[in-house]
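See structure below.
The chains referred to below are lettered A, B, ... by the order of the sequence lines, with proteins before strands, and numbering in each begins at 1. None of the values given here were measured: they were computed from a predicted structure.
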Amino acid sequence: MQRRPASIALLAFFLVTVGLFCLFAPNFATTSNFENLMSGFSFVAILAMGQSFPILLRGIDLSIGAMVALAGMVAFDLTMLFHVPGYLILPLVLIAATGAGAINGILIVYLRLQPFIATLATLAAYRGVVYAISGRLLIPKLATTPITDPWIVGIETYFDIGGALGISDYVHLPWFPLSFFLMIAIFITFQLLLLSTKLGRDIYTVGGNQEAARLAGINTRRITIFTYAISGFCAGVAALVLVARLTTSTEALGTGMELTAISAAVIGGVSLQGGIGSMFGPVIGAFLLGVVLIGLTLLGASQYVQQILTGAILLAAVCYDRYLVVQRQRRAAANVGANT
Amino acid sequence: MIARWNLKSSAKLSKLAPYALPLAIVFIVIMFSIAEPAFLKPENLIGIIHQMNLIGIMAVAMTFVIMTGGVDLSVGPVLAISGLTAFFAMDAGLGLPIAIAAALGVGILIGTINGTLVAIFGLPPIIVTLAMLSIVRGLALIWGGPEWHLIRDQDAFTFIGTGHIGGISFSIILLLVFAGAVMFVQKRTPIGLIVAGIGENERAAYLSGHRVRLTKIAIYGLSGMGAALAGIVQSSQVHTSAAVYGEFGTELDVIAAIVLGGTSLMGGNGSIGRTLIGVIFLGVINNGMNILNVTLDIQLITKGVIIVLAMALSELT
Amino acid sequence: MNEAHLIDAQGLGKTYGSLAVLIDANFTVSAGEIRALVGSNGAGKSTLIKILTGAIAPTTGTVKVDGKELVLGSPTEMINSGIACIYQHSNLAPAMTVLDNIFLGRQPTKRFGLLDRKRQRREAEELLQRHAIQIDLDALVSTLPTVKQKEVEILKALALNARILLMDEPTGWLAASDVAKLHATIRTLKSSGVAIVYISHMLDEIFAVCDTVTVMRDGRIISEGKVADITRPSLVKLMVGEKLAKDSAQAGKFKRMARGTGKVRLSANGLTKRGVFSDISFDLFAGEIFCITGLIGSKRTEFLHTLFGSDRFDSGELKVDGKVISFKSPTQAISNGMGFVTEDRHREGLMLGLSISNNLVMATLRKFHKFGLLKRKEIYSATGEMITDLNIQPPDPIKPVRLLSGGNQQKVLLGKWLNLKPKFLLLDEPTVGVDVGAKAEIYAILRAERDKGAAILVVSSDLEEVMTISDRIAVMVSGRLVAIHDADKTTLAEIIGEIGGAAR
Amino acid sequence: MTEEIKNTTNDRRHFLKNIALGSAAIGGAAMGLFGNSDPSTGLFGVQKANAADDARLKMAFIKYATDTVSSAWSKGIEDVLTPQQIVDYKLLDGQGKAEVQVSLMDTLISDGNSVIFLQPVDSVALAPSIQKAKRAGISVITLNIDATEAHAAHVEMNHYFGAMDIAKAMGDAMGGKGDVAILNAPPGIIIRDLRTNGFVDGMKKHHPEIKIVADQVAEWSRKKAQDVLATILAANPKLGGVYGVNDAMALGAVDVAKDKGLIGKLVIFGNDGETGALESIAAGELTGTQFTDVHQQGRFAASAAVVLASGMVPATAFKKQGHLLMPYVIATKDTVGQITPAQRW
């Protein structure tokens with residue numbers, strides 16, 4: 001069910017791109033490169049999945065970059081300033097990030113702000129909070145001290161699946177980073193949520209036809225707040241992955257990430273019209289961006305060219321999405337005709 | 001007349017809403033001047049306008065786009081590439097008029113491409129201009145490289161950003177003239193009405209015989225031109241041009257100013273005059289916090305909270 | 001009718017500002033009853049339905065289901081009480097499957113809010129079987145033809161285990177064979193004790209499927225009774241009321257100007273748009289009001305759009321003032337002196353946030369500028385005159401149109417095109433949601449325009465209106481013009497027969 | 001950090017010792033700031049050292065973001081690497097984001113580079129990547145911002161002491177009293193802290209009577225600096241000095257001073273010493289700046305890279321990285337003439 005030509009086309013495009021780079025980019029088809037891809041872009045995929053929820057409701061969340069920084073700094077402060085054990089930090093960070101996301105939703109629902117404006121305001125405000133609570137600025141020594149808490153740093157662990165299965169003699173598998181499995185876990189959870197729970201169906205309903213949802217007795221306000229909270233939650237997970245990878249957090253963490261996440265979600269076929277899209281698309285979208293960036297770097301293309309190409313892919317994705325809509329309308333019109 | 005009617009009508013609509021922003025400005029000004037009397041010095045007040053010059057020009061130019069329910073995220077890189085165009089044109093020995101025409105032309109061209117993709121192909125403006133943001137920045141960097149290009153011995157060009165006429169900074173005059181011209185277009189020509197009509201009800205505007213697509217392309221072109229003009233002014237003010245100017249966040253400031261001025265992102269009626277008030281509002285906040293030597297964290301938090309409060313107020317009244 | 005009432009509404013009233021759209025309505029339906037709710041446009045049917053579905057709260061009155069009083073204005077409350085509605089407009093989530101849409105907002109769940117997919121499918125299949133409907137449960141709704149979408153809507157309502165089912169023009173988009181199937185379904189429902197409120201203009205359908213009938217007019221319930229006890233002419237008479245007789249008599253005072261001045265302004269010859277309408281031919285004369293009537297879904301609106309250039313026809317020939325032409329855009333039509341008062345004034349007609357004045361000049365800006373500059377004095381005087389002429393209330397040019405009553409909004413929309421001094425005026429349902437007073441004013445305006453020599457083409461489902469204003473009447477059924485009459489040589493009964501009966 | 005710098009004197013011999021080998025090579029390259037030697041001559045050829053395996057060497061520079069200093073470094077690096085005909089060199093942009101730099105590091109490591117030049121966004125954040133590079137046998141040379149993980153070499157402008165000297169020079173020019181303002185970078189980057197601390201400590205040490213009345217963020221930008229300084233001047237009309245943490249911000253201050261007729265009255269210092277700033281000094285507008293020969297800094301780094309790539313010193317041999325603090329001059333109207341055109345960037 002929910003099978004759409006868009007996802008298949010996207011997957012095909014992704015595979016072709018990977019194939020081309022494997023053929024032409026030196027050192028692309030190596031296990032270490034795929035490790036890099038997985039560890040470098042899993043968190044982007046997580047953010048893109050989070051961003052997809054507001055977009056499914058015809059909203060947008062511009063504040064995820066600031067929320068990543070906020071969550072990162074909360075983790076930093078808890079461990080470096082307050083020496084809270086890691087097993088407590090992880091849930092606390094996620095609660096903080098989810099709360100920040102929920103605040104976005106509350107502003108949108110109860111103050112009736114447009115999502116763009118509400119999250120534009122919190123984009124500034126959360127970044128301000130990051131500077132305000134930054135333990136690095138408070139105690140400069142901490143700026144050069146890495147985080148060592150095993151619970152946090154442990155997120156940056158690699159698993160030798162091939163070795164564990166005893167097949168490494170036959171196939172050379174990359175080691176999989178934990179962040180990749182986190183991403184997969186979130187993917188499965190969200191996909192399950194969207195496709196197999198009432199809540200998920202309600203999200204699609206509200207996004208697809210808010211009036212119908214209201215008439216069907218769905219609490220649209222609660223759903224709206226929930227989607228922005230999810231976006232915040234994903235920012236929290238991404239922040240933990242980043243903090244583990246960097247062994248610190250910076251005030252500027254996450255700058256501009258909202259645009260990357262929106263791009264990945266839109267490339268992944270999540271429609272700005274609301275109610276259309278799954279979690280599969282954003283994940284592929286994020287890794288497509290990753291493949292292109294890494295592949296072009298290996299080919300020695302200027303990074304400026306990469307920016308142009310990223311924009312072009314984004315444009316192509318919306319064009320294709322638009323093309324599908326037009327096709328659908330044509331078919332619907334033809335159907336009506338056939339029945340009159 | 002028509003525009004005055006609009007203003008008056010919204011005044012009747014709800015007594016508070018149209019005055020909320022000016023009142024908020026007055027309130028904030030009073031707060032700042034109590035905290036730091038120097039805030040009220042004439043040179044500081046003029047300084048506020050001077051500082052919001054670039055945002056002001058871009059906001060004025062983008063107001064029409066927002067009025068139609070669109071948005072233009074690509075203004076930052078357009079600002080950069082227009083500065084580069086002016087520099088390279090002058091570097092090649094072309095005269096100032098040609099340099100400026102070329103710079104504005106580049107902005108108009110990019111805006112027109114945005115407009116075409118939005119109006120003809122029906123693509124979502126936010127994504128089109130986001131993609132263009134990336135593409136234009138890439139082009140600017142390839143073309144201009146990472147360096148700052150010093151603009152030397154171009155007195156006429158330098159005058160644009162730093163000169164004075166009768167004691168008033170020319171860049172302020174430029175902003176006022178540009179805003180005046182766009183305001184004139186909005187109030188005295190049919191265009192303002194058509195744009196508002198498209199924003200209110202695009203289908204009805206089409207059925208009223210207006211060239212909706214052409215109008216949309218043109219207003220994105222205007223937005224591009226505004227960004228290009230801002231690029232010229234900035235390059236003139238800082239005597240350099242560089243591909244990295246108009247960094248991320250510029251477009252958000254511009255949009256915030258317009259929306260604070262009361263133009264809804266959903267489209268509909270708007271006014272250049274009120275956009276300028278929105279610009280001044282942001283300018284006063286920034287300037288006041290700088291003059292009070294407030295740290296960056298408080299500045300950012302205050303800015304976010306004030307935007308939320310201002311918007312919530314105008315929604316609720 | 002003697003059993004306990006399943007639904008019992010007493011003293012319902014609804015006013016918008018000064019306009020009362022529903023007045024002291026008492027409405028009761030029993031289990032196993034199929035109740036027809038009829039009345040011309042603006043009679044208050046939709047308001048009653050909206051109150052019963054919780055979409056709006058009434059100004060006065062109570063609603064009880066099974067003797068229990070309900071909190072009004074809450075869709076959830078109404079759904080929980082077993083009231084479901086099939087609307088004219090789609091209320092589906094287009095990007096979701098049929099299965100999901102049937103259970104929209106109330107999918108069966110297991111623990112942890114997980115969907116019970118098996119149960120959902122089983123229930124849906126039972127539903128399909130019980131009502132003998134065939135549909136692919138896994139198809140996306142957006143890929144289905146409109147008729148199938150309607151079935152999904154019906155299934156959605158049925159799946160609510162609704163005991164009271166409101167159907168608002170359920171057959172508007174259905175083909176004849178589907179109508180029969182739907183009626184069979186409705187009878188099945190009736191036998192299982194469901195109460196059905198059936199709203200339709202189709203008298204045939206009412207006589208075919210309904211037990212009882214409630215007639216509404218001008219916001220009031222004026223008659224209730226068994227269908228078996230009533231004849232078709234007497235029902236029609238109840239619907240249109242004494243007023244029509246009076247108005248018709250009055251209309252008699254106005255000269256019918258069939259074929260107007262005798263000069264053909266617009267001539268359609270075999271106009272066809274594949275799958276929408278076909279082979280439409282007629283002449284429109286200067287100085288006449290030509291009405292096309294028919295049911296919702298008979299493609300009259302689509303036809304007007306192709307005349308106006310906002311849509312294209314595939315074949316046929318359109319002559320305007322003797323020249324063969326097909327307008328490529330509204331701009332072109334307007335510059336040829338054609339105006340179009342669209343049906344949905346909120347979606348296609350007005351800029352609600354703009355002032356009366358701005359709306360009035362919206363279609364004629366080219367007349368109000370010189371060298372690109374607005375001639376504001378002229379706008380001021382022209383809109384001032386127009387406001388006075390049309391008696392737009394309040395006469396405040398800067399008032400946003402959003403704040404006006406429906407009738408005044410409609411007058412603004414009309415005035416926008418009158419500014420054009422149109423040679424042709426197309427009007428699509430020109431008096432929907434307009435109170436009686438404004439209606440009369442609008443009719444007077446139309447007659448005045450006719451007398452000035454404009455060729456006026458009105459599309460209306462409101463037979464009262466058609467009989468009142470038209471010089472000639474055409475009947476459109478499923479995309480075809482089935483008859484054209486001179487207004488003074490036909491009768492209401494004949495027209496109703498052609499609309500509802502003859503076609504099916 | 002400060003302490004570490006004090007211990008590591010700004011003596012280039014310290015650097016040479018750490019580099020351990022190839023003193024001749026570095027000697028040629030590092031002939032001294034104001035010498036006129038061609039830095040690319042007299043080097044050990046990597047050609048020679050690697051002649052046997054005929055493989056091309058890959059080197060890359062991950063810059064902080066797109067700015068003038070990085071470009072000048074890159075140019076200096078190319079000066080040295082281009083004559084080495086078997087070196088492929090590329091320049092990558094970290095976009096000011098730690099996670100981008102980490103990802104680029106990963107890519108370069110799996111691409112088999114032999115030396116990576118890096119200006120880390122953050123000292124700690126890039127440490128794991130540097131560790132990973134070392135495991136892969138890749139030498140990492142950091143520029144300006146040190147990393148907490150030990151690596152092959154670190155070449156740094158002398159931020160802290162330079163800023164102290166600027167404070168001294170500014171105080172001297174102001175006659176030992178008055179108010180000064182700082183046009184600063186956003187917090188969270190080490191260069192900002194070093195320069196600000198150096199300046200504050202310098203004022204305390206040399207001119208305790210001078211008060212720092214404003215410290216505002218101008219985001220490295222000339223335009224923002226103009227706006228911020230104009231505002232600061234409104235509140236502090238008697239302001240005597242302005243320190244721009246980079247030259248762009250200092251030039252923004254000059255623009256304001258020009259506009260308000262304060263040239264000559266307002267003492268303005270910048271940092272880095274890019275061409276525009278030097279011209280401004282010569283024209284008597286900007287009071288001074290800390291000039292570092294950034295090309296030379298790039299050449300030093302590249303020379304070290306060449307030595308490392310020759311394979312005679314394994315990257316793993318470094319327990320603690322070689323450390324070079326670049327020599328600098330406080331360029332003022334009197335000294336600016338000594339800086340030759342070749343040294344300007």
Side-chain angles (χ1 to χ4, degrees), chain A residues 60 62-63 65-66 103 107 110-134 137 251 255-256 258-260 262-263 265-267 271-273 302-319 321-323 325-326, chain B residues 66 71 73-74 77 113 117-118 121-146 243 247-249 251-253 255-256 259-260 264-266 295-316:
Chain A
I60 200 153
L62 296 178
S63 71
I103 289 174
L107 293 178
Y110 289 103
L111 295 184
R112 282 183 281 164
L113 298 183
Q114 289 155 7
F116 194 98
I117 289 300
T119 56
L120 174 64
T122 53
L123 161 95
Y126 291 158
R127 186 70 67 184
V129 173
V130 171
Y131 282 115
I133 66 168
S134 170
L137 297 180
E251 291 81 6
T255 312
E258 50 280 350
L259 299 187
T260 315
I262 293 169
S263 302
V266 170
I267 290 171
S271 166
L272 292 174
Q273 302 301 311
S302 148
Q303 278 184 303
Y304 309 147
V305 175
Q306 297 175 18
Q307 289 195 353
I308 296 175
L309 254 159
T310 311
I313 291 177
L314 188 54
L315 268 186
V318 279
C319 280
D321 187 53
R322 179 73 199 157
Y323 166 78
V325 170
V326 171
Chain B
I66 304 269
V71 74
L73 297 179
S74 68
I113 295 172
L117 290 168
V118 169
F121 295 97
L123 304 181
I126 187 169
I127 298 301
V128 166
T129 54
L130 176 60
M132 205 53 91
L133 167 94
S134 191
I135 293 172
V136 176
R137 179 70 77 204
L139 287 173
L141 282 164
I142 287 177
W143 190 29
E247 54 283 278
F248 172 67
E251 62 283 347
L252 297 182
D253 276 349
I255 295 166
V259 172
L260 281 170
S264 163
L265 281 173
M266 311 302 282
T295 49
L296 184 64
D297 48 350
I298 307 295
Q299 288 197 15
L300 288 170
I301 295 172
T302 313
K303 201 165 149 187
V305 169
I306 284 181
I307 291 177
V308 165
L309 286 181
M311 293 312 298
L313 199 67
S314 63
E315 280 293 319
L316 294 177

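No part of L137(A) comes within reach of chain B, as not one of its non-hydrogen atoms sits under 4.5 angstrom from that chain. In this structure, chain B has heavy atoms under 4.5 Å from both the backbone and the side chain of V305(A). With a 4.5 Å cut-off on non-hydrogen atoms, I133(A) does not touch chain B at all. Contact of L272(A) with chain B is made through the side chain alone, with heavy-atom distances under 4.5 Å. Of the two parts of S264(B), the backbone and the side chain both hold a non-hydrogen atom closer than 4.5 Å to a non-hydrogen atom of chain A. Of the two parts of L315(A), the backbone and the side chain both hold a non-hydrogen atom closer than 4.5 Å to a non-hydrogen atom of chain B. Heavy-atom distances place no part of I313(A) under 4.5 Å from chain B, backbone and side chain included. Looking at L309(A), there are no atoms closer than 4.5 Å to chain B (heavy atoms on both sides), in backbone or side chain. Neither the backbone nor the side chain of L260(B) comes within contact range of chain A, judged by heavy atoms closer than 4.5 Å.
Put simply, the side chain of Y131(A) does not reach to within 4.5 Å of the side chain of T295(B), judged on heavy atoms. A 4.5 Å side-chain heavy-atom check between I126(B) and F116(A) finds at least one atom pair inside the cut-off. Side-chain contact between L123(B) and D321(A) is absent, with no heavy-atom pair separated by less than 4.5 Å.
When the side-chain hydrogen bond (donor to acceptor under 3.5 Å, both in side chains) test is applied to T302(B), no partner is found at least two apart in sequence or on another chain.
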Check step by step if side-chain contact (heavy atoms from CB on, under 4.5 Å) holds for V318(A) and L117(B). CA-CA 10 Å; V318(A) 279; L117(B) 290 168; over 6 Å; no
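In this structure, CG in L309(B) is found 8.5 Å from CG in L111(A), a value given to the nearest 0.5 Å.
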